[in-house]
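Each remark here refers to the structure printed beneath this line.
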Amino acid sequence: MGAEDRSERGAHDDRRRPIVRFATRQVPDRVALLLTASATVVVAIVAVAAVLWWEWHRTGSTVDRALFALAAVALVLGETCRRCWIPVGIREPITPLYLWAFGLLLVGSPSGAIAVALVGSLTHSLVRRSSTATGVFRMARVGLTLGIAATVLIRFDATEAVDTAAGRVSWQWVLVATMAGGAILLANGFVTSIDAAVRNRSPLTTALRGGVGARGTAEGALLSLAPIWIVGVSFSITLVPLLAVSTVLVFRSTKHAFERAYEARHDALTGLANRRAFLEAVTDTFGGIGGAATGAVIVIDLDRFKEMNDELGHEVGDAILVAFADRLVGCLPRNAVAARLGGDEFAVMLPFHVRSDGTTDGERRIAALQDELGESLTVSGFPVSVDASIGVAFAPRHGRSPADLLRSADVAMYRAKRLGTNVERYDDCIKVPRRGSVELLSDIGEALTDHQFRIHFQPQLRMDDLSVDTLEALIRWQHPLHGEIQPADFIGLIEQTDLIGPVTEMVLRMSIHGMQVVGTDAVRLAVNVSPRSLQDRYFAPLVFTVLSETGFGPDRLEIEVTERALATYPEQSSYTIERLREAGVTIAIDDFGTGYSSFETLRHLPVDRVKIDGVFVGGLLANDRDRVIVQSVVDLGHRLGLDVIAEGVETTEVWDVLQTMGCDIAQGFGIARPMSFPDLRGWLTRWNEIRIEQICEPAPGPAEVPTAEPGVEPGVEPEVRPAARRAATVHGVDGRSAC
């Protein structure tokens, strides 16, 4: 964009800024509510006074007192009985007030109808225990609405009761009654919408759509019954039972239709808005006033919820979700919208207050939300701590459409979960672009067909003779647009979908092919398996099929599973493991010591190896407890006839301590980093040549290592070479050959 374009755009922004400021100006809540309520009360008083003046000067009017009394009693009872109300979420329920009030107007006494309606409205407020301000505003709205309808009837001279002498009802009376009923709907919806717009700080168009559209259907259905009642009872009192049955049926069908519509837009468990309603709210709020509104879309994901749900049970898990939803709603302002997107993922639409200088209170509100959500929840009388990862996207800076804002917030939330921070903003993700979980999932299928996944191998050395015992296969994703995506960013997503089966099969086939290309006939292949694979009854047959088609021996395959995988549905996992072991496949427990039931796993499940987690191995030199734990696991594994593998070996000193403890196998960056199979072939060739040479003809000094071929990346980074060098020197081999 050139300088002239920027100056022209700046001038345009300056011209529209006063309009934007005026349109988005937000006065304090109490002042705005006071102004709207006062205006409504004043207009209502004027309308009611005009009706009273007209009726005071009217002569020759007759009122069917019995019919008037029947409608008046029905109105008051309808406002008192909660069964006669149609609930509308947190809003004011729909009552049959206007049904009977409209009937009273048609009987022929506008002032009497308004008086009875005001009494009914007051009774309703007392039953609901509404605040004084809410009760006064409702009475003013009722008086204003009925005053306008009475004016329509007076203007067209249709205030008298139905004349049954001629045995028919005139078309003029029907037309005027329809106009008066429409006036009630429009006036009530408009006043209600203005009140909602002021209270929620939302555009008037949004409030009108909710006030006239949603409530108008239900109230219109009830309102249409008033003329039918008046005409029917005027002809014969015996029609009352039939009219009552018809009214009940219309009321129940209207109530059920309204409930279905409400359920279609709200979550059944928490009562929050669902994804559809949330996106509509974002469109209405941030798309109004020409897209000038400011605010934030926030995505919240509960941490460790699946583990809590599995340990405490689904009933407690649901109670946690409900308690968190209540906490979320309780700490949000009235103009915010909270939604449950699914599972343990929530979203918040939070408009910001724009000050006179153009600044907002966004950061303060986000910080307050973070603090309140961090407090413990009370579930079944007990405190429960629930951590959450929060992603924030700002409108309109990070998107103008609801999908863009939600996607940006999802990216930020995913970054917060990956980094272990509480809150991340999308601004922090722009310099290091990361895709959200939704987009990653949509790209995984394409990655499979386009061969974007790669397999890297990391060697495991036997500590007695430095021979390569096993090569662990590790998946990598080279995305065409976003480069290399870390396994932590996509493996967990794949495990939650049915894509885990095809991806696992792909890893098996690619890693076996790599082993066959390298030509390592005496080396094992280790493949990590997810909990869902162990629970799949078709997983073991899949493994056998792949081994048969590739000609890879079962005794050379090692399946690594975590303790969490074994603790989840242990019966199904045990069945799969037993079938694999019967065929000759080796089973290793990965990350041993960090799971749920380490000793219980060794007691019941037939395994061959345990891998000590790198957390304990890395603390050998600095923490006496870690040293005791590692030594105990080594001794326990040997007594049970198991091989013990140490992960995370990165220094010479750690190698020496593990060798003294009698550990069997070592793996870590100090030996070799994960590498592609072309690099692995060169690494193995150089390593085996020098190892055999040094064992056959031990040399007193370091052996010379051939220079690596051009284009072949070394398997060990320079800063970790001393560990391999020192480990190899113990056996008369120069550790540089590990590179």
Side-chain angles (χ1 to χ4, degrees), residues 89-90 200-201 266-275 277-279 281-282 285 294-309 311-312 316-353 360-395 398 405-429 436-437:
I90 61 175
N200 299 330
R201 299 180 180 272
H266 291 79
D267 176 60
L269 177 64
T270 62
L272 300 180
N274 57 17
R275 181 182 292 270
F278 181 76
L279 293 177
V282 173
T285 301
T294 60
V297 170
I298 303 172
V299 174
I300 306 170
D301 188 85
L302 304 187
D303 298 333
R304 300 179 294 102
F305 177 75
K306 184 178 184 303
E307 287 78 2
M308 290 189 293
N309 204 27
E311 293 179 4
L312 302 178
V316 177
D318 290 346
I320 292 176
L321 292 176
V322 173
F324 184 84
D326 293 341
R327 170 71 57 80
L328 183 62
V329 173
C331 61
L332 292 177
R334 290 180 58 91
N335 58 342
V337 176
R340 183 188 177 201
L341 302 182
D344 59 342
E345 191 173 57
F346 297 83
V348 173
M349 186 273 295
L350 183 61
F352 292 158
H353 173 70
T360 67
D361 60 346
E363 293 297 335
R364 179 185 62 81
R365 288 193 173 188
I366 293 174
L369 177 65
Q370 176 185 351
D371 293 339
E372 294 193 43
L373 293 181
E375 299 179 359
S376 299
L377 300 174
T378 301
V379 178
S380 300
F382 296 94
V384 177
S385 297
V386 179
D387 297 327
S389 298
I390 302 174
V392 183
F394 297 100
H398 298 147
L405 288 169
L406 194 61
R407 186 182 301 111
S408 300
D410 181 68
V411 170
M413 182 278 294
Y414 207 62
R415 174 181 170 87
K417 185 172 289 291
R418 183 175 65 253
L419 299 180
T421 55
N422 291 329
V423 178
E424 289 290 332
R425 292 156 179 79
Y426 186 70
D427 290 326
D428 302 327
C429 307
S437 57

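Everything numeric in this text was worked out from a predicted model, so none of it was measured.
Qualifying ring pair (Phe, Tyr, Trp, His ring centres under 6.0 Å) partners for Phe278, counting only residues two or more places apart in sequence or in other chains: none. Applying the side chain to side chain donor-acceptor pair (under 3.5 Å) criterion to Asp267, with sequence neighbours excluded, gives Thr270, Arg340. Every residue two or more places apart in sequence or in another chain was checked for a side chain to side chain donor-acceptor pair (under 3.5 Å) with Asp371, and none qualifies. Listed by chain and number, the residues in a salt bridge (Lys or Arg N to Asp or Glu O under 4.0 Å) with Asp318 amount to none (sequence neighbours excluded). Residues passing the salt bridge (Lys or Arg N to Asp or Glu O under 4.0 Å) test with Asp344: none are found, sequence neighbours excluded. Evaluation of the side chain to side chain contact (heavy atoms under 4.5 Å, CB included) rule for Leu369 yields Ile298, Leu328, Cys331, Leu332, Leu373 as partners, not counting sequence neighbours. For Asp326, there are no salt bridge (Lys or Arg N to Asp or Glu O under 4.0 Å) partners two or more places apart in sequence or in a different chain. Here Ala319 pairs with Val379 under the side chain to side chain contact (heavy atoms under 4.5 Å, CB included) rule; sequence neighbours left out.
Contacts classified as salt bridge (charged side-chain N to carboxylate O under 4.0 Å, His left out) and involving residues 372-384 (residues at least two apart or in different chains) are not found.
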Q: For side-chain contact (heavy atoms from CB on, under 4.5 Å), just list the numbers for Leu406 and Arg275, CA-CA rounded to whole Å, side-chain angles, deciding distance to a tenth of an Å, and then say yes or no.
A: CA-CA 10 Å; Leu406 194 61; Arg275 181 182 292 270; 3.3 Å; yes

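Between atom CG of residue Asp301 and atom OH of residue Tyr414 there is a gap of 10.0 Å, rounded to the nearest 0.5 Å. Rounded to the nearest 0.5 Å, atoms CG (Asp410) and CZ (Arg415) are 14.0 Å apart. The CZ atom of Arg327 sits 5.0 Å away from the CG atom of Leu377 when rounded to the nearest 0.5 Å.
Residue Leu405 comes nearest to Ala393 through the heavy atom pair O-CB, 3.6 Å, listed as atom of the first residue, atom of the second, then distance. Minimum interatomic distance between Ala416 and Asn422 (heavy atoms only, all atoms of both residues): CB-O, 4.3 Å.
Classified by interplanar angle (parallel below 30°, tilted 30° to 60°, perpendicular above 60°), the ring pair Tyr426/His398 is perpendicular.
Arg365 places a side-chain N or O within donor-acceptor distance of the main-chain N or O of Pro351, the cut-off being under 3.5 Å. A donor-acceptor pair under 3.5 Å is absent between the side-chain atoms of Ser376 and the main chain of Pro383, judged by distance alone.
Between Phe346 and Leu321, the closest side-chain pair of non-hydrogen atoms falls below 4.5 Å.
Looking at Asp303 and Ser389, their side chains do bring a donor and an acceptor atom within 3.5 Å of each other.
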